[in-house]
Amino acid sequence: MIATSPDGVPWSADELNERIRGLMLCSGGRLSDEQRAEYQVLVVAWSAAIREQVVKVA
């Protein structure tokens with residue numbers, strides 16, 4: 001799983017947050033190994049997106 005949109009554009013922190021929430025909702029809060037790997041990629045990408053937003057604001 002790559003944390004970019006199908007056209008290769010990185011997702012925003014808000015978009016990544018929505019994907020994380022959707023993953024947790026559809027799994028009922030219990031992630032399979034595959035879902036856990038996807039979750040980890042999304043959280044790392046979300047964290048990077050948040051840091052980028054903070055740097056831009058500062």
Side-chain angles (χ1 to χ4, degrees):
M1 152 107 211
I2 299 172
T4 58
S5 66
D7 59 0
V9 177
W11 285 318
S12 70
D14 289 338
E15 291 167 321
L16 289 161
N17 188 35
E18 284 301 312
R19 292 184 61 87
I20 292 167
R21 287 176 184 263
L23 182 62
M24 295 305 289
L25 285 173
C26 77
S27 71
R30 293 182 176 245
L31 301 175
S32 68
D33 290 341
E34 183 179 323
Q35 289 169 320
R36 189 171 294 118
E38 180 179 359
Y39 174 81
Q40 290 173 343
V41 169
L42 290 171
V43 169
V44 169
W46 175 82
S47 178
I50 288 293
R51 282 193 303 273
E52 187 175 315
Q53 285 179 353
V54 170
V55 168
K56 286 180 181 178
V57 172

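Nearest approach of Leu31 to Ser27, heavy atoms of both residues: CD2-OG, 3.3 Å. Heavy-atom minimum distance, Glu38 versus Arg19: OE2-NH2, 3.9 Å. The shortest non-hydrogen separation linking Ala13 to Trp46 is O-CD1, 3.2 Å. The shortest non-hydrogen separation linking Trp11 to Leu42 is CZ3-CD2, 4.4 Å. Minimum interatomic distance between Ser12 and Ala49 (heavy atoms only, all atoms of both residues): C-CB, 4.4 Å.
Hydrophobic clustering places Met24 together with Ile50 (ILVMFWY residues linked when any side-chain heavy atoms are closer than 4.5 Å, directly or through intermediates).
Within a 6.0 Å sphere centred on CZ of Arg21, other residues, nucleotides and ligands contribute 12 heavy atoms or fewer.
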